[in-house]
Amino acid sequence: MSIRRYLSATPLLMCSVLMTGEGATQDLHPAMNHPDKFAWGLFFALNHPADLKADRGTPDGKKKLGDPGITVWETWKLARTEVFLPNACKPAGWKAPPAAPARVAALARGLESARASVDQRKVFDPPKFSEDAARTIGASVERNSFEPANLALARAFSPTRLAATVDAGELGNETRMNREAFEFIVDRNLYSIDGQEKALDDNTAIDFPVAAKEIKAAWRLFTDRELDPTLNFRDLNGNSAIEDDERGLRLLERTYHIGYGVVRNEKIGADEVRPFGLVGLHIITKDIPNWFWATFEHVENPQASVGSLDRHSPAGKGYPPEAEGTVWQYYRLRGTQTDFVTPTGRPTVLANTQIEGSFQESSSCITCHARASIGRRLDNIRVDGGRQLFAPGTFVPPSAQVARPPAAERGYPFGATRLSVFEDLRAAFPFPALSPRDPLNDGRSILFLRGSVGVPDPALFAAMGTPGSQFAQLDFVWALRRAFRADPSKCPPAQ
């Protein structure tokens, strides 16, 4: 199988010629006509090993699918640290390398995998349900990334202990975008809240280019037991013997794509690098106007609350033949989305157990992302001698909030008015008449999460008696909510 087949991720290259009787027709819309096949083609293309000596996003033509190495999408720009910077400083160009992590190799304690380098350290975010749940009861997501403080935060706000989710304390997310998406954001100053608000004021539509792509990956921290070769072993080779590559980390690297993150080891009172396994992957592309949506999960993830649909893989197999014999045979397509509703008008649902957590039944990727928006600025309205009338955290009916960037430090004074990720997000306490911090309530809250499904509510974007819209859509790109307000005085001089 040639590498070109794996890398055929654009509509023109993925078109197939279908012979019908005396003539031939060309499938010019594979994302619409064969969405599951299209999804697997993207999955293989983006998970091909990258050429780390070439520009970001370049596949290594000397390697084949499943060979060890950082994948193509892992070289894309990381939203948190390379696109949406504090003070909305202008991001470095596409070819600029990521900042080299300090002391990573020294912290690895002999756990380096043959499939990944500890020098390619992950910078994780807590799952989105943890971020939003924290804010519901007034907590903050600190800017020092997932490790180690946000690990504790994610544990504290794990929304459920149902079998369909992994404890949020074990999870880290990362969002990355390809060159076309990144340069569109930079060229239009959308990496700042101010630039997004200007687009609303100018009534400028946000419309990403057709080649734009974005991923969200979920990673799971391996347990000490999984890493112990005396406790975790499996006869993958089928020879009724347990060999060295069937134990501990060497077993995991045969069944998971591996990455590394820094976590706090409370037993020794120090940070250390630990291996994580890729357990979920959202892929979105602008191949169709409202984007194409696909999500994948590891085969060993807990049972999903909603069913999967893969109309491309052979029955009983779970994956296409291209994945056979590679680590990617342990991943499954959960489903795809191309529209808000079915031809009969029923809302479509698409969820990932590791990314959507406990609200899978009310999860629709396309509908949720339709709520990615910017509203009129409210955080600059001051009363009573300078008090913010709408400080960050203020809820704005019907389901919006003056929200800090997810990576902002506690007390960050600015916010953007945006529709919330969830239509309904509430914390219920056993004794509602008492303070949430009362000993009878503290640590005993139950979180209610409801996502958005079906066609978006047009009233959210209607004039409502004014010349302008309430909210402007940001072309389905939730990553834009990470933008900060601009303060050029705190940015380095332009190069």
Side-chain angles (χ1 to χ4, degrees), residues 35-36 38-40 42-43 46-47 71 73-74 79 122 124-133 146 154 158-176 213-221 256-257 259 276-285 291-313 318-319 328 330-338 340 347-372 421-422 449-453 476-479:
D36 298 348
F38 188 78
W40 275 110
L42 285 168
F43 185 80
L46 300 185
N47 283 303
T71 63
W73 65 261
E74 288 177 284
K122 299 294 182 183
F124 292 132
D125 293 315
K128 61 185 175 185
F129 50 73
S130 297
E131 291 182 5
D132 290 301
F146 188 66
S158 180
T160 182
R161 290 295 185 272
L162 297 175
T165 65
V166 173
D167 185 352
E170 302 171 348
L171 291 175
N173 287 344
E174 64 175 323
T175 300
R176 292 181 179 270
K213 294 178 176 63
E214 187 178 279
I215 65 90
K216 173 169 280 187
W219 299 83
R220 181 174 68 80
L221 176 65
Y256 284 85
H257 182 58
F276 284 67
L278 179 68
V279 291
L281 187 67
H282 276 337
I283 303 175
I284 69 172
T285 80
W291 297 72
F292 174 83
W293 311 82
T295 194
F296 294 82
E297 295 200 37
H298 196 273
V299 69
E300 294 179 352
N301 286 355
Q303 181 66 41
S305 300
V306 295
S308 300
L309 179 63
D310 180 357
R311 294 157 292 190
H312 176 63
S313 299
Y319 56 87
W328 304 113
Y330 295 97
Y331 290 84
R332 300 291 182 266
L333 174 65
R334 285 291 315 281
T336 58
Q337 264 186 319
T338 59
F340 299 103
T348 59
V349 175
L350 182 63
N352 189 299
T353 63
Q354 309 303 290
I355 298 175
E356 276 70 45
S358 62
F359 65 100
Q360 296 170 57
E361 295 90 342
S362 64
S363 172
S364 165
C365 294
I366 189 172
T367 309
C368 173
H369 280 253
R371 295 173 63 86
V421 172
F422 299 98
L449 304 163
R450 188 180 77 240
S452 301
V453 298
F476 298 84
V477 179
W478 264 124

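Nearest approach of Gly277 to Tyr256, heavy atoms of both residues: CA-CD2, 4.0 Å. Between Val421 and Arg371 the shortest heavy-atom distance is O-NE, 4.1 Å. In terms of heavy atoms, Ala39 sits closest to Ala294 at CB-CB, 3.7 Å. Summarising the geometry of Ile283 relative to Phe296, their closest heavy-atom pair is CD1-CE1, 4.0 Å, with the distance given to 0.1 Å.
Using cut-offs of 30° and 60° for the angle between ring planes, the Trp328 and Tyr331 rings count as tilted. Taking the six-membered ring where the residue is Trp, Trp219 and His257 present tilted rings, their angle falling between 30° and 60°.
Although no hydrogens or angles enter the test, the distance criterion places a donor-acceptor pair under 3.5 Å between the side chain of Arg334 and the main chain of Ala351. Without hydrogens or angle criteria, Gln337 side chain to Cys365 main chain gives a donor-acceptor distance under 3.5 Å.
The OG1 atom of Thr285 lies 9.5 Å from the CG atom of Leu46; values are rounded to the nearest 0.5 Å. For the atom pair Phe340 CZ and Thr367 OG1, the distance stands at 5.5 Å (nearest 0.5 Å). Taken to the nearest 0.5 Å, the CD atom of Glu297 stands 10.0 Å off from the CG atom of Leu333.
Aromatic rings of Trp40 and Tyr319 (six-membered ring for Trp) have centroids beyond the 6.0 Å cut-off, not under it.
Residues Trp73 and Lys213 fail the side-chain proximity criterion, which asks for heavy atoms closer than 4.5 Å. Under the 4.5 Å side-chain criterion, counting only non-hydrogen atoms from C-beta, Lys216 is not in contact with Asn352. Between Phe292 and Thr338, some side-chain heavy-atom pair lies under the 4.5 Å cut-off. Taking 4.5 Å as the limit, every side-chain heavy atom of Phe38 sits out of range of all side-chain heavy atoms of Thr336. Side-chain contact between Phe476 and Ile284: absent, with no pair of heavy atoms (C-beta onward) separated by less than 4.5 Å. Looking at heavy atoms from C-beta onward, Glu214 lies in side-chain contact with Thr175 at the 4.5 angstrom threshold. When side chains are defined from C-beta on, His282 does not count as touching Trp293, because their heavy atoms never get closer than 4.5 Å. Ser308 has its side chain out of reach of Arg332: every pair of non-hydrogen atoms, C-beta onward, lies at least 4.5 Å apart.
Checking Thr295, Ile215, Thr71 one by one against Leu281, the side-chain contact (heavy atoms from CB on, under 4.5 Å) holds for a single residue, Ile215.
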